[in-house]
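First listed ligand is number 1; within each ligand, the first listed atom is number 1. All figures in this text were calculated on a predicted structure; none of them were measured in a lab.
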Amino acid sequence: MEDIKYLELLAKEFPTSQSIITETINLKAILNLPKGTEHFISDVHGEYDAFQHVLRNGSGNIKNKIKSTFRNQLSQEEMISLSTLIYYPKEKIKLETQAMNTDLERASWYHQILEQLIELARVTSSKYTRSKVRKSIPPEFSYIIEELLFTSTKHKNQLNYYENIIETIIELDIADQFISEMCYLIQRLTIDHLHVVGDIFDRGPAPDKIMDDLMDYHSVDIQWGNHDILWMGAACGSAVCIANVVRISARYDNLDILEESYGISLRPLVNLADKYYDKINTQYLPKINQEELSYDENELRQMAKMQQAMAIIQFKLEGEIIQRRPEFEMTDRLVLNQINYEQNSIMIDGENYDLVEAYFPTINPNDPYTLNEDEAHVVEHLVKLFKECDKLQQHMDFLIAKGSMYLAYNDNLLYHGCVPLTKDGDFLKVELDGEILSGKVLFDKFEQAIREAYHQKTKSSVENLDLIWYLWTGKTSPLFGKDKMTTFERYYLKEKNLHKEHKNPYYKLREEEKTCRNILKEFGLDDDKGHIINGHTPIKERDGEDPMKGNNKLIVIDGGFSKAYQRTTGIAGYTLLYNSYGMELAVHQSFLGKLQAITNEEDILSTRRIVFKENDRKRVLETDIGANLLEQISDLKKLMSAYRLGLIKENRSTFE
Ligand SMILES: O=P(O)(O)OC[C@H]1O[C@](O)(COP(=O)(O)O)[C@@H](O)[C@@H]1O
Ligand SMILES: [Mn+2]
């Protein structure tokens, strides 16, 4: 019965036997095509230009395609030039054509480039069905591009036809636009699907632009990172998440993201900072690249004061939650009541330490966690603006729609931080809302809390919002993975040992193959076939650390986009490609900037490391999409027999 109802619905889409046959042929054709290329990137941290570059060059994939297509026809320089054109078509066309003196010269360049691009688009589209390629083609040029891609040039007549189209494009003066569209098409066909393994936000200057691009991207999923969760909590109106977001933005000189990109006015915060903080702690000076920006002293002081005002609000709000939620076991993070405000010292683990440059004008020593009236006003104002900001809400809607705590995809398991484990490698048992949870169900519980908090945004339950903050900083959070966040200590104490945040046992245990296999099994995956793709921790390649762990069962792909971290890693970082031939890690050097990439044709230098090779080229049939298509084919078969048995009537009206 159920079945018939479902088939009746399906019959609306496939009203005749003929339409079923057509669709089945199409689906079967897809099953036999090579698996599409998956691209994995992680820890982008607001570095828009580097992110865009890696996306545009497909982690080196475009260059490889150019090499294999034109190895015997183009010089090394010509191939580099063609790749730059494909990454940055508009800018590169301008540069090239401006340097030419005659129309003839320009026409001959256009001709040559168009031929190369058509050839490359043919190669990159050969992995897909016509129908899929058609959907990727921009509508303005769909007719011409289809003709160029699908017309054979074997016969003289056909060659003439093809040449004619190229000439017409040049004559009609649409070559610039046409070339750009072809370049974007090639970019798009080179990567079938993108996975972003977390941390789009914080530290770098333009996470909002990254979100805009991701929202335009043809096929993408996201595994939430700890920084993304913080922003999601903020958008749900969690005051403590907002305090962290604003403090971090001030710390990395990114207040413009809030004020200009998201239109969140910081005026009340400026007033609060001006009213209370005339002395500043130098730890609150923003982290900026001194060569790039020159602020005068007043501006720097202003930013430091804002960061300081926000940090104190954060410590107060965190104290409230920690007291309200004893099960979070975070009482060691209750710092403000451990301070001796007369002596400016603090008690930690029974020892007394002097606070450096300490100054707490808004704290009442007898009631250190209560916001004063001005602070409460700032918080109220920010909560309102974060919740009302359309652009931020759209970005977060997208994170919710395309994102998750983890993803099982084509045998692989993707997550940002860690799977909490005991020292012995068992899944750590965590008590949440009276339930004892570990492994996969722990992730599921957190995900459910996030979704509930998000969907009831106007009256988000306090408990769920607390959990979102816990995911940012709690010691059993799969997104954080450390014992504590020592923000307070790093602002006020000179003892470096107190600044240390210790990674949990997972990070040692993931070196062992057994751990990785256990985790894959826990998430329902085949541990012989599958791999874990992990972000979050920069790999110190300079110190000999290897991104491939657990006998290559786990790959850490912190993209190293964050400039602040490149000093410790020695390289920029890693991205991963998984195509029909296997999986490859791309190891990137630093990105020198968009201008260098265009004018000097300086690509990110990347080397490749093979993670594994497929014995036989992998087809769509063997992927998750393949499994899905097989199911569709079987449903169509059922519908076909329902038509034959007369259980459902064919609707031929459109053909009669
Ligand atoms: O260097 P900053 O700005 O103080 O940030 C350090 C904080 O960032 C974190 O490393 C989290 O960020 P990541 O997810 O990028 O590691 C915290 O553990 C740490 O307290
Ligand atoms: Mn992270």
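- Side chains of Tyr48 and Asp213: a donor on one and an acceptor on the other come within 3.5 Å.
- By the ring-ring contact (aromatic ring centres under 6.0 Å, His included) test, Tyr578 is found to be paired with Phe612, residues two or more places apart in sequence or in another chain being considered.
- With hydrogens and angles disregarded, no donor-acceptor distance shorter than 3.5 Å links the side chain of Asp424 to the backbone of Asp426.
- Lys440 forms no cation-pi arrangement with Phe523, by the criterion of a distance under 6.0 Å to the ring centre and an angle within 45° of the ring axis.
- Taking a cut-off of under 4.0 Å to the non-hydrogen atoms of His45, the atoms of ligand 1 that pass are 15 (O).
- Not one N or O of Trp472 is nearer than 3.5 Å to an N or O of ligand 1, by distance alone.
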Ring pair (Phe, Tyr, Trp, His ring centres under 6.0 Å) evaluation trace for Phe40 with His195 = CA-CA 5 Å; Phe40 303 72; His195 305 282; 4.5 Å; yes
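- With ligand atoms numbered from 1 in the order given, ligand 1 contributes 1 (O) to contacts under 4.0 Å with heavy atoms of Lys287.
- Counting the atoms of ligand 1 from 1 in the order shown, those under 4.0 Å from a heavy atom of His227 are 11 (C), 12 (O), 13 (P), 14 (O), 15 (O).
- Here atom 5 (O) of ligand 1 lies nearest to Arg203 when heavy atoms of Glu489, Arg203, Arg251 are compared.
- The shortest N/O to N/O separation between Thr487 and ligand 1 does not fall below 3.5 Å.
- Using cut-offs of 30° and 60° for the angle between ring planes, the Phe443 and Tyr406 rings count as perpendicular.
- Protein atoms of type N, O or S found under 2.8 Å from the Mn ion (ligand 2) total 4.
- Of the possible donor and acceptor atoms, none in the side chain of Lys316 sits under 3.5 Å from a partner among the backbone N and O of Leu336.
- Between Phe446 and Tyr470, the two ring planes are parallel [angle under 30°; tilted spans 30° to 60°].
- Here Tyr341 pairs with Phe360 under the ring-ring contact (aromatic ring centres under 6.0 Å, His included) rule; sequence neighbours left out.
- Against a heavy-atom cut-off of under 4.0 Å, Asn226 is close to the following atoms of ligand 1: 11 (C), 12 (O), 13 (P), 14 (O).
- Glu584 meets the salt bridge (charged side-chain N to carboxylate O under 4.0 Å, His left out) test with Arg608; sequence neighbours excluded.
- Close contacts of ligand 1 with Tyr252, meaning ligand atoms under 4.0 Å from a residue heavy atom, involve 1 (O), 2 (P), 3 (O).
- Side-chain polar atoms of Gln223 and Tyr409 form no donor-acceptor pair below 3.5 angstrom.
- Considering backbone and side-chain N/O of Lys482, one or more are found under 3.5 Å from N/O of ligand 1.
- Listed for the Glu327 side chain is no donor-acceptor partner under 3.5 Å among the backbone atoms of Glu431.
- For atom 16 (O) of ligand 1, the nearest non-hydrogen atom from the set His499, Arg247, His536, Met485 comes from His536.
- Considering both main-chain and side-chain atoms, Glu501 comes within under 3.5 Å of ligand 1 through a nitrogen or oxygen pair.
- Residue contacts with ligand 1 include Asp199, since one of its heavy atoms falls under 4.0 Å from the ligand.
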